[in-house]
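This report refers to the structure that appears directly beneath it.
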Amino acid sequence: MKKKPQYSYTIRLLRDSKAYWPGFFALLVLAGISALLQTRVSLLWGELVDGGIMGDKTTVASSFLYLAVFCLLQAGVALVNDPLNAVTTEGMFNRIRERVFQVLHSVDYAAAGKLLHTGDLVSRMGSDMEELCEIFAGQYTWYLYTAGEALAATAACLFLCPVLGVLYLAVLPVTVFLLQRLTASMTQRQRSASVDTGRGMNVAAETLHHLETVKAYGAEALFCGEFDAHIDTAARARAANERSNAAVTGLQYMTALLQLGILFGGGILCVEKGLISAGGLIAFAALSRKVKAAVDLLSRMAGTWRKSEALSQRICELLDLPGEDGERSAREVHGDIFDGEVQEGMGGTEHLPETDVLLEIRNLHFSYEDKHVLEGLRLSIGAGQHVAVLGPSGCGKTTLLRIICGFYRCGRGQVFFRGRDINDWKPEELRGHLSLVSQQAGLLRGSVSENVSAMAEAVGEEEVRAALSTASAWEFVTEMENGTASDVGESGNRLSGGQKQRIALARAFYKDAELMILDEPTSALDLVTEQEIKRTMMSMLQGRGALIITHRTALVSDVDYIYCMDEQGRIREEGSPGELMDRRGYYYHIVKAENQSAQGRVPKDA
């Protein structure tokens with residue numbers, strides 16, 4: 001994530017929310033109008049008192065009339081301010097939340113795995129965003145009005161009696177300095193509290209996701225302890241901030257006593273010397289309360305600012321996640337996240353070279369930091385050809401898949417799709433030519449039809465039915481209560497493993513892409529279901545290119561060509577299934593071992 005910018009994170013969010021600047025400017029104008037009205041009302045009370053003392057009925061009557069008019073104007077300002085404030089702040093943060101979600105779709109896949117965690121992400125987009133919105137809508141608006149009234153009151157106090165005004169206001173610089181020292185560490189503590197809360201939510205999310213495993217192995221105490229540790233650390237940081245607030249409150253009381261003594265002691269002397277009238281002193285006292293209210297809020301303002309800085313930083317960190325191009329942030333890849341301007345990029349299907357080779361990999365190397373995963377890999381898939389990559393767990397098969405799909409950028413070497421280097425494709429357009437079926441079916445919450453169509457806006461029911469039929473899923477779907485409109489549940493939890501895998505195959509067929517990629521599609525299934533899925537797959541793959549990634553030979557006996565990988569991510573041998581069996585090499589021994597295992601015997605040469 002990026003380093004701290006030259007400006008504050010809170011200001012950055014405001015700076016980028018250009019669409020809402022008119023609303024914030026209107027709120028600023030309303031705050032200024034309200035401050036002037038409040039100040040004028042206080043001065044009118046002083047004139048009213050002076051008029052009463054002098055017996056000037058005309059002054060008294062006019063003062064009452066103006067007071068009524070100004071009070072009505074203040075009510076009008078309040079009526080306009082509240083709905084405008086709600087529309088502006090809620091609209092701004094709804095837009096931020098929407099754009100953060102869009103940025104997450106553009107984030108670099110590898111970086112996402114390192115930087116994003118479910119609980120912390122939920123905390124940032126949920127409670128952090130809500131709290132920040134409340135700060136803008138409630139506290140900052142209140143502070144804006146209070147600060148405006150204090151400035152207008154300060155000018156009015158200096159106008160009524162410069163000597164008394166200077167004496168009264170002389171305490172403020174010392175107070176501000178002491179408040180700054182007392183609240184200096186509050187931002188870091190607030191950020192620490194937010195981070196630990198997010199980590200606690202990560203633990204909670206992981207526990208719920210793997211609840212069966214946690215209970216089966218008696219790990220409840222371990223996870224509860226870890227959760228409590230994070231929450232307790234966050235609580236201690238917040239408690240430290242509260243102690244700072246308590247110290248600030250004590251300082252405010254001392255300042256208030258000092259200012260009160262200056263007001264009444266100095267005010268009486270000024271009245272005796274004719275520097276201010278009795279009514280003017282009353283007006284000065286009323287105005288000084290507004291100045292005192294602002295001073296009393298200084299600590300709260302500082303605390304709120306530091307809190308909003310910590311929360312805004314967590315939001316900005318999401319916006320600055322690295323994009324799929326490996327250089328710009330996901331925010332830059334997607335375009336201006338607040339104004340909706342989308343960056344133009346390379347890609348498209350125009351002017352693609354004519355070629356019979358769908359996918360070609362040349363001398364590919366890939367590493368995770370210091371760990372080499374792929375070493376000099378080469379592979380080729382022709383149009384309509386079925387190719388398998390066979391190898392043990394951890395040899396880099398899934399890494400290869402992610403490179404082909406544009407989730408990872410390849411290191412040394414080249415990967416071509418339809419004759420074009422995949423680095424020259426926009427990732428989303430490259431994936432438009434691919435259909436992926438992974439070992440986890442990856443069903444989404446929704447209906448069968450929505451899952452088959454991958455939530456497409458325009459769904460062809462006939463195409464959905466054809467895809468389900470091809471995937472041998474139509475029969476069990478028709479037996480469901482609402483047919484294709486039946487809800488599959490969260491992550492497809494209302495379906496069996498075989499049913500979920502068939503829906504995933506139907507989704508791939510519905511997309512009708514040029515290259516089908518199947519990553520261990522039957523690893524979680526029993527042998528009977530595996531054979532059924534295999535027959536379904538080979539039927540639906542007719543006439544289209546396919547890459548099958550697996551460690552089981554049962555799935556690849558009918559493909560056109562096989563690449564066998566070793567543990568170092570290198571091609572150990574390659575050829576058609578028949579050729580590899582005739583060589584009696586690596587593939588032959590794996591097939592033999594699997595056949596003996598299926599018959600219940602342990603192979604001696606495995």
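Everything numeric here is computed off the predicted structure, so don't read it as measured data. Residue numbers start at 1 and run along the sequence shown.
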(Q) Are the side chains of T197 and R238 in contact, using a 4.5 Å heavy-atom criterion? (A) yes

Q. What pair of heavy atoms forms the shortest contact from L164 to G266, and how long is it?
A. CD1-C, 3.8 Å

Q. Under the side chain to side chain contact (heavy atoms under 4.5 Å, CB included) criterion, do L44 and F64 qualify, and how do the steps go?
A. CA-CA 8 Å; L44 282 170; F64 267 121; over 6 Å; no

Q) When rounded to the nearest 0.5 angstrom, what distance separates CG in L160 from CZ in F284? A) 7.5 Å

(Q) Distance check, rounded to the nearest 0.5 Å: I315 atom CD1 versus L319 atom CG? (A) 7.5 Å

Q. Quick one: do the R236 and T233 side chains pair a donor with an acceptor below 3.5 Å?
A. yes

**Q.** Polar side chain donor-acceptor pair, R306 to T10, under 3.5 angstrom
**A.** no

Q. T88 and G23: which non-hydrogen atoms are nearest, and at how many Å?
A. OG1-CA, 3.7 Å

Q) For the side chain of E149 and the backbone of Q38, is there at least one donor-acceptor N/O pair under 3.5 Å apart? A) no

Q: Could you give me the CA-CA distance, side-chain angles and deciding distance for V60 and L48, then say whether side chain to side chain contact (heavy atoms under 4.5 Å, CB included) is met?
A: CA-CA 5 Å; V60 171; L48 182 62; 3.5 Å; yes

**Q.** Note, L13 side chain near Y9 side chain (heavy atom, < 4.5 Å)
**A.** no

Q.
Any carboxylate oxygen within less than 4.0 angstrom of a Lys/Arg side-chain nitrogen, looking at E47 and R40?
A. yes

Q. Any side-chain heavy-atom pair from M301 and Q139 closer than 4.5 angstrom?
A. no

Q. Yes or no on salt bridge (Lys or Arg N to Asp or Glu O under 4.0 Å) for R97 and E130, after CA distance, side-chain angles and deciding distance?
A. CA-CA 10 Å; R97 188 178 283 108; E130 287 295 332; 3.3 Å; yes

**Q.** Verdict with reasoning, E317 to L321, per side chain to side chain contact (heavy atoms under 4.5 Å, CB included)
**A.** CA-CA 6 Å; E317 284 173 348; L321 287 168; over 6 Å; no

Q: To the nearest 0.5 angstrom, please state how far the CG atom of L43 sits from the OH atom of Y66.
A: 13.5 Å

Q.
Could you measure the distance from the SG atom of C405 to the CD1 atom of I422? Nearest 0.5 Å is fine.
A. 9.0 Å

Q: Show the numbers, then the answer: is there a side chain to side chain contact (heavy atoms under 4.5 Å, CB included) between L132 and S308?
A: CA-CA 6 Å; L132 198 54; S308 74; 3.8 Å; yes

Q. Would a distance-only check, ignoring hydrogens and angles, find a side-chain to backbone donor-acceptor pair under 3.5 Å from D50 to G279?
A. yes

Q: Determine, stepwise, if the pair Y140 / T89 fulfils side-chain hydrogen bond (donor to acceptor under 3.5 Å, both in side chains).
A: CA-CA 11 Å; Y140 278 159; T89 54; over 6 Å; no

Q) Should N451 and V488 count as side-chain neighbours, where that means a heavy-atom distance under 4.5 Å? A) yes

(Q) Please check: side-chain N/O of R314 versus main-chain N/O of D128, any donor-acceptor pairing under 3.5 Å? (A) no

Q. Where is the tightest heavy-atom contact between A31 and L144, given as atom of each residue plus distance?
A. CB-CG, 3.8 Å

(Q) I need the single residue from Y20, F93, Y143 that forms a ring-ring contact (aromatic ring centres under 6.0 Å, His included) with F136. Which is it? (A) F93

Q: Can you see which heavy atom on S34 is nearest to which on Q74, and at what distance?
A: O-NE2, 4.3 Å

Q.
For the CD1 atom of I135 and the CG atom of L311, what is their distance to the nearest 0.5 Å?
A. 5.5 Å

Q: Check whether any side-chain N or O of S62 sits under 3.5 Å from a backbone N or O of T59 as a donor-acceptor pair, and report yes or no.
A: yes

Q) A152 and T39: which non-hydrogen atoms are nearest, and at how many Å? A) CB-OG1, 3.1 Å

Q. Under 3.5 Å, is there a donor-acceptor pair between the side chain of N85 and the main chain of N81?
A. no

Q. Would a distance-only check, ignoring hydrogens and angles, find a side-chain to backbone donor-acceptor pair under 3.5 Å from E226 to F223?
A. no

Q.
Under a plain distance cut-off of 3.5 Å, with no hydrogens placed, do D487 and S447 share a side-chain donor-acceptor pair?
A. no

Q) At their closest point, which heavy atom of S453 faces which heavy atom of E450, and how far apart are they? A) OG-O, 3.3 Å

(Q) Counting C-beta onward and ignoring hydrogens, is there a side-chain heavy-atom pair between W45 and L67 closer than 4.5 Å? (A) yes

Q) When you measure from the side chain of R431 to the backbone N and O of G406, does any donor-acceptor pair fall under 3.5 Å? A) yes

Q. Are the side chains of T146 and K290 in touch, meaning some heavy atoms are under 4.5 Å apart?
A. no

Q. Any side-chain heavy atom of Y145 sitting closer than 4.5 Å to one from V77?
A. yes

Q: Evaluate the side-chain proximity of F227 to R199: yes if any heavy-atom separation is below 4.5 Å, no if none is.
A: no

Q: Measure from the side-chain N and O atoms of S312 to the backbone N and O of E309, and report whether any donor-acceptor pair falls under 3.5 Å.
A: no

Q | Atom pair OG (S17) and CD1 (I96), whose distance is rounded to the nearest 0.5 Å | A | 4.5 Å

